Amino acid sequence: MIDVVIIPGDGIGPEIVESVKFLFEKALVPVNWIEAQAGERAYRETGSWLPDETVDLVRRFKLALKGPTTTPAGGGHRSVNVALRQRLGLFANVRPAVSLPGIETKFGNIDLITVRENVEDTYSGIEYMKTADVAWGIKLSTRPGARRVIRYAFEFAKQRGRSKVTCVNKANIHKLTDGIFLETFREIASEYEGIEADEKFVDNACMQIVSDPSRFDVIVTPNLYGDIISDLMAGLVGGLGVTPAANIGADCAVFEAVHGSAPDIAGKGIANPTALILSSLMLLDHAGLSNYSEYIYAGLCEALKNGCFTKDLGGDMTLMEFTEAVAGFFDREHMTYSGKAPS
């Protein structure tokens with residue numbers, strides 16, 4: 001049995017969280033959910049967008065699944081996602097972009113990974129008003145921060161049999177900050193024989209990603225570029241509604257849907273839960289329960305292959321109709337008589 005902190009979030013968050021809970025129950029995943037709050041609902045109830053209790057729970061139980069949270073633009077409200085990553089030291093943001101059956105896109109057979117540095121760069125939140133008309137922001141880059149995320153990217157590639165890691169940077173302009181990142185990449189790359197080390201400036205990388213994504217495999221990059229590139233690659237496979245994310249730290253990990261909270265459709269039962277479902281499967285893999293994740297993933301792929309789509313993907317299914325369809329494609333023959341999913 002694994003303990004998982006679950007943060008429903010705002011808008012459609014609670015609805016897509018229920019979808020994941022339903023599938024885990026049907027697949028007999030041995031999980032104990034521990035609910036916590038963050039975002040607008042938490043602010044209304046506690047006066048804090050990210051309560052200390054929530055952070056403490058994630059630290060204690062090591063694993064969390066998070067729905068989308070609302071953070072108003074401007075007004076001094078810090079992003080819940082950024083705050084959570086920094087307070088927990090979640091230094092690597094892992095964003096797969098994988099083609100799914102039945103979803104038509106320009107390119108097929110996409111299988112790309114962005115590993116984004118997650119707590120430094122301009123996201124460190126160090127900015128201030130120099131004068132009434134001039135705002136300064138600090139682009140923070142440290143060698144220890146670069147080392148841990150770049151080594152994580154190479155270890156990720158090694159463990160999964162990936163052939164290439166590309167460092168995306170802008171060291172020709174940001175010679176010191178991105179320079180540290182690129183220098184560190186070259187140092188660490190020399191330790192990994194058999195994995196090709198590649199370098200590209202971010203503007204050129206974006207052009208190449210949309211023209212020929214087969215040139216890439218695993219990308220490692222500073223925070224801001226990674227935020228942009230991971231969304232760009234999501235567009236290659238159908239959008240943020242079908243792409244998962246993991247935030248990895250030394251002691252704990254938070255898995256999340258990175259799309260918005262979509263308050264305009266909240267409560268209507270028409271949201272697409274795929275991104276959070278896929279994120280929950282990354283959580284199971286991380287927890288050593290890949291047998292369950294493979295089982296649920298197979299059901300998801302079969303549902304999509306058979307034309308089961310929510311409205312955002314051109315279908316007419318409600319959220320729960322889609323969720324039930326996924327569960328309906330679970331391979332019951334491979335469930336053991338003990339009532340457990342295959343091991």
Side-chain angles (χ1 to χ4, degrees), residues 2-21 23-24 31 33-42 49-51 54-55 57-59 61-71 78-98 113-119 123 149 152 223 226-231 233-234 237 239-249 251-263 266 271-287 293 296-297 300 319:
I2 58 169
D3 294 312
V4 178
V5 176
I6 192 156
I7 304 170
D10 303 316
I12 61 172
E15 299 171 66
I16 60 177
V17 158
E18 287 304 314
S19 172
V20 171
K21 286 183 173 181
L23 292 177
F24 274 38
V31 62
W33 299 111
I34 301 156
E35 186 164 325
Q37 295 299 329
E40 188 174 23
R41 177 182 169 185
W49 293 88
L50 180 58
T54 297
V55 178
L57 283 171
V58 180
R59 282 200 184 105
F61 292 105
K62 311 299 185 186
L63 292 172
L65 182 66
K66 176 184 166 297
T69 51
T70 299
T71 303
R78 192 180 187 193
S79 164
V80 170
N81 290 337
V82 172
L84 190 62
R85 294 163 186 169
Q86 293 187 343
R87 291 182 64 179
L88 293 170
L90 305 175
F91 63 86
N93 182 259
V94 183
R95 292 277 300 274
V98 180
I113 303 289
T114 300
V115 179
R116 161 191 172 192
E117 197 289 317
N118 215 24
V119 296
Y123 288 66
V149 73
Y152 180 88
N223 207 335
D227 195 0
I228 296 167
I229 285 173
S230 55
D231 277 22
M233 293 208 301
V237 298
L240 295 180
V242 296
T243 48
N247 300 282
I248 308 296
D251 301 315
C252 54
V254 177
F255 301 80
E256 63 180 338
V258 294
H259 56 66
S261 58
N272 181 359
T274 302
L276 193 65
I277 292 170
L278 291 171
S279 298
S280 74
L281 303 189
M282 292 182 73
L283 183 153
L284 291 177
D285 290 338
H286 184 81
S293 69
I296 297 172
Y297 185 71
L300 174 65
L319 182 152

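On a predicted model such as this, the values are computed, not experimentally measured, just so you know.
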Considering only heavy atoms from C-beta outward, does the side chain of Leu278 approach that of Tyr297 to under 4.5 Å?
yes

Ignoring hydrogens and geometry, is there a side-chain-to-backbone donor-acceptor pair from Thr274 to Val242 under 3.5 Å? no

ask   = Asn93 side chain to Asn118 main-chain N or O, any donor-acceptor pair under 3.5 Å?
value = no

Notebook entry, point to check: Is the side chain of Thr54 donor-acceptor paired with the backbone N or O of Gln37 at a distance under 3.5 Å, no angle test?
Noted result: yes

In short, Ile113 meets Val94 closest at the heavy-atom pair CG2-CG1, 3.9 Å

Heavy-atom nearest pair, Val58 first then Ala64, reads CG2-CB, 3.9 Å

| request: Show your reasoning for whether side chain to side chain contact (heavy atoms under 4.5 Å, CB included) applies to Val55 and Leu88. | output: CA-CA 7 Å; Val55 178; Leu88 293 170; 3.7 Å; yes

Name the orientation class of the two ring planes belonging to Phe91 and Tyr152 (parallel below 30°, tilted from 30 to 60°, perpendicular beyond 60°). perpendicular

One should read off an interatomic distance between Ser279 OG and Leu284 CG, to the nearest 0.5 angstrom, of 11.0 Å

Listing, residues 7-21 side-chain donor-acceptor contacts under 3.5 Å, not counting sequence neighbours, or none:
residue, atom, partner, partner atom, Å
Asp10, OD1, Glu40, N, 3.2
Asp10, OD1, Arg41, N, 3.0
Asp10, OD2, Glu40, N, 2.8
Asp10, OD2, Thr70, N, 2.7
Glu15, OE1, Gly269, N, 3.2
Glu15, OE2, Gly267, N, 2.6
Ser19, OG, Thr323, OG1, 2.7

In this structure, CZ of Arg87 is separated from CG of Leu50 (nearest 0.5 Å) by 5.0 Å

### Query
Does a side-chain heavy-atom distance below 4.5 Å link Leu276 with Pro273?
no

Ion pair check, Asp231 and Arg95, cut-off under 4.0 Å
yes

Between Arg85 and Asn247, the two heavy atoms sitting closest are NE-OD1, 3.1 Å

On a heavy-atom basis, the closest approach of Lys66 and Asn81 is NZ-OD1, 2.6 Å

With side chains defined as the heavy atoms from C-beta onward, is the minimum distance between His286 and Phe255 less than 4.5 Å? yes

CG of Asp3 to CZ of Phe61, rounded to nearest 0.5 Å, is 5.0 Å

Residues Arg116 and Asp227 bridged, charged N to O under 4.0 Å: yes

His259 and Pro68 have their tightest heavy-atom pair at O-CB, 3.3 Å

Note: Leu90 and Cys252 closest approach over all heavy atoms is CD2-O, 3.4 Å

Separation between OG (Ser79) and CH2 (Trp49), nearest 0.5 Å, reads 10.5 Å

Next on the checklist: Is there a side-chain contact between Thr69 and Glu256 in this structure, where contact means two heavy atoms from C-beta onward sitting under 4.5 Å apart?
Outcome noted: no

Separation between CD1 (Ile277) and CG (Leu23), nearest 0.5 Å, reads 5.0 Å

**Prompt:** Does a side-chain heavy-atom distance below 4.5 Å link Ile296 with Phe24?
**Reply:** yes

The side-chain contact (heavy atoms from CB on, under 4.5 Å) partners of Ala287 (sequence neighbours excluded) come to Ile2, Leu63

To the nearest 0.5 Å, atom CG of Leu65 lies from atom OG of Ser280 at 6.0 Å

